[in-house]
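Just below is one structure, and these are the notes that go with it.
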Amino acid sequence: MSERKPIPGITTERTEKLIKDTLAGMPDKAQKKRAPHLGANEPTASSCAVKSNKKVVPGVMSQRGCAYAGAKGVVWGPIRDMVHVSHGPIGCGVYSWGTRRNLMQGTPGVSSFPLDFTSDFQERDIVYGGDKKLEKLLNEANQLFPLAKGFSVLSECPVGLIGDDINAVAKKMEAELGKLVVPCNCEGFRGVSQSLGHHISNDSIRDHIIGRFEFAEEIGPYDVALIGDYNIGGDVWAAKPILEEIGLNVKAVWTGDGEVEKIGATHQVKLNLIHCYRSMNYMCKVMEEKWNIPWLEYNFFGPTKIEASLRAIAARFDETIQKKAEAVIAKYQPVMQAVVDEYRPRLEGKTAMLFVGGLRPRHTIGAYEDLGIQITGAGYEFAHQDDYDRTSPEMAKGTLIYDDVSEFELEKFVEELKPDLVGSGIKEKYVFQKAGIPFRQMHSWDYSGPYHGYEGFRIFARDVDMAINSPTWKLVKSPF
Amino acid sequence: MSERKPIPGITTERTEKLIKDTLAGMPDKAQKKRAPHLGANEPTASSCAVKSNKKVVPGVMSQRGCAYAGAKGVVWGPIRDMVHVSHGPIGCGVYSWGTRRNLMQGTPGVSSFPLDFTSDFQERDIVYGGDKKLEKLLNEANQLFPLAKGFSVLSECPVGLIGDDINAVAKKMEAELGKLVVPCNCEGFRGVSQSLGHHISNDSIRDHIIGRFEFAEEIGPYDVALIGDYNIGGDVWAAKPILEEIGLNVKAVWTGDGEVEKIGATHQVKLNLIHCYRSMNYMCKVMEEKWNIPWLEYNFFGPTKIEASLRAIAARFDETIQKKAEAVIAKYQPVMQAVVDEYRPRLEGKTAMLFVGGLRPRHTIGAYEDLGIQITGAGYEFAHQDDYDRTSPEMAKGTLIYDDVSEFELEKFVEELKPDLVGSGIKEKYVFQKAGIPFRQMHSWDYSGPYHGYEGFRIFARDVDMAINSPTWKLVKSPF
Amino acid sequence: MSECAVKKVTETPPEEIERVKAWINTDEYKEKNFAREALVINPAHACQPLGAQMVATAFEGSLPFVHGSQGCASYFRSTFNRHYREPAAATCDAMTEDGAVFGGQNNLFEGLENAYALYQPKMIPVYTTCMPEVIGDDLTAFITNAKTKGHIPENLPTPYANTPSFNGTHINGYDSMMCAILKYLTEGQNVEGKCTGKLNLIPGFDGNTGNIREYKRLLEAMGIPYTVMADTSEVFDTPCDGTYKLYPGGTRLEDAAESINGKATIALQRYSTVNTMKWIEETYTGEKLVMPMPFGIQKTDEFLMKLSELFGKPIPAELKAERGRAVDAMTDAHQYLHGRKFAVAGDPDYLFGIVSFLLEMGAIPYHILCSRTTKKFEKEMKKLLETSPFGATSKIYINKDLWHLRSLLMTDPVDGIIGDTHAKWAARDAKIPLFRIGFPIIDRVNLHRSPVVGYQGTVNMLTMLANKFLDIKDETCEDQWFEMMR
Amino acid sequence: MSECAVKKVTETPPEEIERVKAWINTDEYKEKNFAREALVINPAHACQPLGAQMVATAFEGSLPFVHGSQGCASYFRSTFNRHYREPAAATCDAMTEDGAVFGGQNNLFEGLENAYALYQPKMIPVYTTCMPEVIGDDLTAFITNAKTKGHIPENLPTPYANTPSFNGTHINGYDSMMCAILKYLTEGQNVEGKCTGKLNLIPGFDGNTGNIREYKRLLEAMGIPYTVMADTSEVFDTPCDGTYKLYPGGTRLEDAAESINGKATIALQRYSTVNTMKWIEETYTGEKLVMPMPFGIQKTDEFLMKLSELFGKPIPAELKAERGRAVDAMTDAHQYLHGRKFAVAGDPDYLFGIVSFLLEMGAIPYHILCSRTTKKFEKEMKKLLETSPFGATSKIYINKDLWHLRSLLMTDPVDGIIGDTHAKWAARDAKIPLFRIGFPIIDRVNLHRSPVVGYQGTVNMLTMLANKFLDIKDETCEDQWFEMMR
């Protein structure tokens, strides 16, 4: 990947001044804490300069969620054939019910469970503990949802504070029900962001699921697993077919539209293909160490990255796969060109700023560039150093990098850099739209999608064009 | 039919005073004209006292329509397999498009034609005449609607005034198209009401349709035709099955959901059963004279009248039919009793006033009485003497009879008699609802129906109860 | 068919029905359909006197009077009854055959005398239907005679308009009657140098009483005194309080008379006020303007700014905030309408309004159909479409009816249809949702109470359209695409 | 399962899925479902701090501050973002493990200091989530210390409320925060004999900003000066005009402070204002009243007449006419709702409102479900139902969730469902239309802008319900039953 050519008007000096001016508005302590998380990009640097994965500075209005959100919303929720119990008070389960767009097949309430299951803790549960209730609850769930392949118990804050032992309950009930019962201590107060929730969940999978199943059919040379695609807006359904088209057998998906038993048998595959490195690199490493399964990061946003990824993936296999990969690339090239031809003329030279979870800012840059849009600033809610290291080279020199950016900072940055589009989350969306700045939710694809794969790019391009070129923006400024 | 017992508070004296006081508000000339049309009922009199079928008094706000309305809206419109052309300016066709609820089977625009076909006369057509346009129009219609079994040409006012000859055009085009083309000189200025439109249409059927077809199958002893049911809200579909259940074959329906060729073959049936005497007695008499087909009036509103009618109809046939009729009566008796049991308690002792076209006031009295509702006043828009003669015996002594009542009169009448329900047309509906008086449209069943037959009574009862007992009426009077 | 031939009753074979059913959806059929020259099928317009009645009824104490066949009057009344679900008083002189022979003067005499005596109107506007127009009754003479002969008082206002049904449409009848009434009432009222300081607002033919109320609300917010001519909102949207009022309200006759000395006169429809505004231009004092209906943000901006300019009043903060909230609704929901194709059918001025709203949303007004209008309309609509990239693919069809529209929908489909109730048949066949905006709406409730003009009306339309598309998505998607959020 | 056992991946046989699919719709399943004691599935309520945040955000210059885990704050914010499609600023002190050990005081200190410095609020209302409630943080002490240690100015209003999620629902959080803020702001403001002459109006937990605007419109029409506490309408329904305002509006702090000297105080929800009104009863001057939300005609009548009585102002003719028009809409459309059965789910006060509207229309509120409430609610709802024959067959379900509702819909169906977006799953399975009234609505646009209270709100609900039933009829009937008129 050659270095990006500089973006007109974006210089390291300007960016550093912007950061300095912004920090100036904060109390000293907060300044000190925040300064290391902001920086001007240096693509050639061996490692990205910004600090990450640190505690939120209290009071600054971070956009971060909690461990429970990372566990329930990201990792567990998408597994369609399990009943996921939000164990604790009412809120967490309700707020995370159907709000992440991890779509799933199956019949809701019968063979798939996009419902909100909770123990709805009351005062007495806090006082006397919730283990008994959990037992009873799992029995009831098993009765009412006989086709559930298992249960996950996702603890909310109080559980970890009142000394409940969900692991014991899970173990007991697993024996009793003869079905998976997976405890996950993802209390919201643990760690600094969703990220720990991912890690904890990966560990639960490691300790309670992986290796406990094997595929009924023979294992083949082209068997792979798709890791870290959560099927937001149908992403998996746009990505999986491409891998199959190049000749691979996708045996399991982690965890978008996922099936728990297949996840439990993934130690049998030949290669793990990982899309969201941030949330699932842990298990890839576990499988590598324990079962010598190699893993490969890929990027299915936009034709340029898709092509590169397909070649990299194919390179891990024999000629058959490589030929097919080239055939697929050739087949879709004109289709993608047509998309670019339709939208690029209206988007050429526009700029965008991104602030999303732990992967997409770097992963979508190519897709924006395929449309002629340059990224002037990017940052993550809950990324780690390795994410930023992977980001730096994808950004032009001097562009703005911000970690766990606060509303205060992001507003100032956008005000100064005046992007044509901001891509971030629902909490940021209306802030910028009020300012007349086009916006797309890049966590949930703004109720659209899929954005992965060839099909996804067509929709991504349409959506970005729609956002930037909607005539409604011309109406924002009142003539009186 | 035994004479009705008197209705509490309704006396000949009171009624006559009401009429006198009402007339007092009119100019002498108008008084003289209107007086004979209003009267207190005398059930035993040989003939009803009120005059009818006279010209509307100009300026009094009559509710009457015109000959075109009687022809297009009533007689022709319901024939489903013909294209009915409103010949003249744009209005008449548009206003009468889909506003009478004569439902029909078939595929709209393919095998049935609930559309608005018009020649949309322009100035030039008035000046140069519309015959040529009519020819061309019929050709176009035949091309675009190849499955139409024929065409009716319904002339609007100008046609009769500018000396067009639609009869000649119809004759020519019938030969040319090899399909029925029926002219109908139903200009709105002809006659005093819709009634002449019925008559003219009957004559057109006589001159252009009847006797020109015969049924493909053998004629049987139980073949009858159903005359004067226009399938408002599905009436025919509720009535026909009953006749079939007692063993009769309904060979043709005039004209609700009607098929023109079957109408044209009706001279073959053994008995004509007529529901709407007013609009179709003409053709019954023609068929009686020309083909010796007897005809019988019947009434399918409410169980009492249905039972009497079934027995009267059966009496025209042999024992098989009579047995079946009794069986049908026995079968539905409990069903009807259940309906009465449900609604009568909420309706017992209520009173209603009716003002409808030419049949329903007298025909629905029985149905209201089955529900415990007494009729304190009744009148017709366009009835004749024979209709009033048939009405008198159905009404209690001293009740109010009004012919072609004006808005001015009806308001005063209702104000004085304070009925619990007024049953009339859309033009009257909101006048009375504003006054907080429950109302049902008795031309169109108020977008409900059917009201004919056993099924119809259930719906009629529900609707009347709903109108009278809707809690919304309690809200009308403001507490402040 | 020769008289003698007697045919057997036939049944059309089902396969034949299937064939034709498929055929009428084809391009071939569309061509035949568009080749029609004489036959009109399912038109989207009505006749002049209907429009005349809307005006005649919307003045205080005014009793519309139809000179012609009684059936006409009943049709006009029931059309209004069904659309507004309200009473619609109007009388007529019930001309019959003899009228055709001797003319309608006697009917008019008797009719006026009775109408006046029974209903004590403050004004009797007279308008004609086909019959007297064909036989050439001289209304000027007749009405004068009616007064000299004492059938009605000399001082009873009796404006009249010739409204032949074989000429133009309901909007032209609206125009003629409006012009006639204003001419009559303002006769000799023009006082040199006098100014009422008021705005005369002429909404044009509009079945939406909510629109009239919205105009009044905006004017009140602006602090501008006004006379709406004619004010249908107090006639066709009246309380149910236990007493029926034959004359519930409408424009006061004194106000109409004084309108000639107004500070400004604005017509918010162009095509339904041509003659009226031409005459006003010549006779009224103050500014005279014809503006487009304020559909969408920009047209409402223009309207308010013009008012502000004319009356030297600032647009109040509350309206500016209202504007901002409407724009907020539009930016928030743009993704649900952006790029969606619509077919739009209706009266010319409504079409302009709907089209400009759609263009503002980034939606595409794809088929634009007016079943009776002028080339001028086509030209001006083209101009409007050229102002936006979203009008680039639009096609305009004038003097085409709803059966033509059906062919368009079948051969070149859209996502939504905007029109009156009559469009429901084409909508059903094409399985495309119909959004009921226009006149008449006789199969839904209250839509005439919900404004489609102004900022509020913009939000109302947006809500109606966007939420219906979301309903459809939720109702038709497979389980795997069913979601909590949209 | 024992650790060692390795199982083969299994596929559930389709026939098995079909069997269960059918089974969950049965009465047998319903019984099992209603036998649940521990598991809650698809509840229709949220937790206390969400309600607290609605109050905390609706005062001018007020910055909601969550004492607890940062994830909670993000959940509350995004819930409001999705419902209103508006920004929802709130900050928090991001407690983590160490907080569990040492308590949250340091987080609070730093959080308050930064929040104040960065966002310059006029007030920082603090409310808690589970963690500090479980470990028992002493907020009174913490906040006092924060001020004495100079993290924030002494004079910065910092009301706080304990809002544990394991107790009550969002409406209780609303109550506690409201009470806390008013206590704080009115401290020492009570002046003997002083009267502002104003009405204090407390809407209660209401996601519909249109309702708040409607209250204000009615009060302005009545000429009654008022303070709405808390006014969400200027916070969650703001203009899009090119500048983002962190503090767009809300109840002015001075007004809230003065409210203690008000002429009268009315709460329009009973269940979400219990503690607040209890405290106000003891401390405020003037009349204090709790009234039902003015849903439908009669409840609106009562509200207006009470206002008229309290302030000695007549109800203006314009409102009387508005009432008459609403009643007109109801009489005209009664036949579309009469006898229709509805399932209604939501918050207690909304349920009372919706039920009284349905009873007025002659509709049947058949299944009435509240997923977390009291026996008192059940008793009072029974009373309401007993006032009408249309409530005779109604059943009330308290502390039952939307999965219970699903069983009810499947075994004893209705014509329509009224509830928030969460009910869409049950509605889809039962193929019954869902009318979205309540909170949250995250799958349709603008519904929070359209009032459901007052006469106008009554018309809005009627229109939504009746026209949907007519849509369904037109969309599902066979050709022979398809009609122009409805």
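Convention: sequence-line order gives letters A, B, ...; per-chain numbering from 1.
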Measure [X] against the heavy atoms of chain D and call it side chain, backbone, both or neither at under 4.5 Å.
| X | result |
| --- | --- |
| B:R101 | both |
| B:W97 | both |
| B:M466 | both |

Item to check | Sole candidate of D:Q298, D:R323, D:E302 that passes side chain to side chain contact (heavy atoms under 4.5 Å, CB included) when paired with B:P479 | outcome: D:R323
Next on the checklist: Between B:N231, B:D463, B:D446, who has the most heavy-atom pairs with chain D when the cutoff is under 4.5 Å?
Outcome noted: B:D446
Checklist entry - Just how far is it from atom OG of B:S470 to atom CE of D:M361, taken to the nearest 0.5 Å? => result 6.5 Å
Next on the checklist: Please check if the number of heavy atoms outside D:K473 that lie under 6.0 Å from its NZ is greater than 12.
Outcome noted: no
Item to check | NZ/B:K477: more than 12 non-hydrogen atoms of other groups inside 6.0 Å | outcome: yes
Item to check | Where D:T331 and B:W473 come nearest, the two heavy atoms and their spacing | outcome: CG2-CZ3, 3.7 Å
Checklist entry - So which heavy atom on B:L475 is nearest to which on D:V327, and how close? => result O-CG2, 3.8 Å
What side-chain donor-acceptor pairs closer than 3.5 Å can you find for residues 74-85 of chain B, not counting sequence neighbours?
residue	atom	partner	partner atom	Å
B:W76	NE1	B:S201	OG	3.1
B:R80	NH1	B:D257	O	3.3
B:R80	NH1	B:D257	OD1	2.9
B:R80	NH1	B:D257	OD2	3.3
B:R80	NH2	B:E259	OE2	3.2
B:D81	OD1	B:V260	N	3.1
B:D81	OD2	B:V260	N	3.4
B:H84	ND1	B:S152	OG	2.7
B:H84	NE2	B:W76	O	2.9
B:H84	NE2	B:I79	O	2.8

Next on the checklist: Applying a heavy-atom distance below 4.5 Å, give me the residues of residues 419-443 of chain B that approach chain D, sorted by number.
Outcome noted: B:K429, B:Y430, B:Q433, B:K434, B:R440
Can you list, pair by pair, the side-chain donor-acceptor contacts under 3.5 Å of residues 311-321 of chain D, counting residues two or more places apart and other chains?
residue	atom	partner	partner atom	Å
D:K313	NZ	D:G223	O	2.8
D:K320	NZ	B:F480	O	2.9

Checklist entry - Could you name the residues of residues 479-486 of chain D that have a heavy atom within less than 4.5 Å of a heavy atom in chain B? => result D:D479, D:Q480, D:W481, D:E483, D:M484, D:M485, D:R486
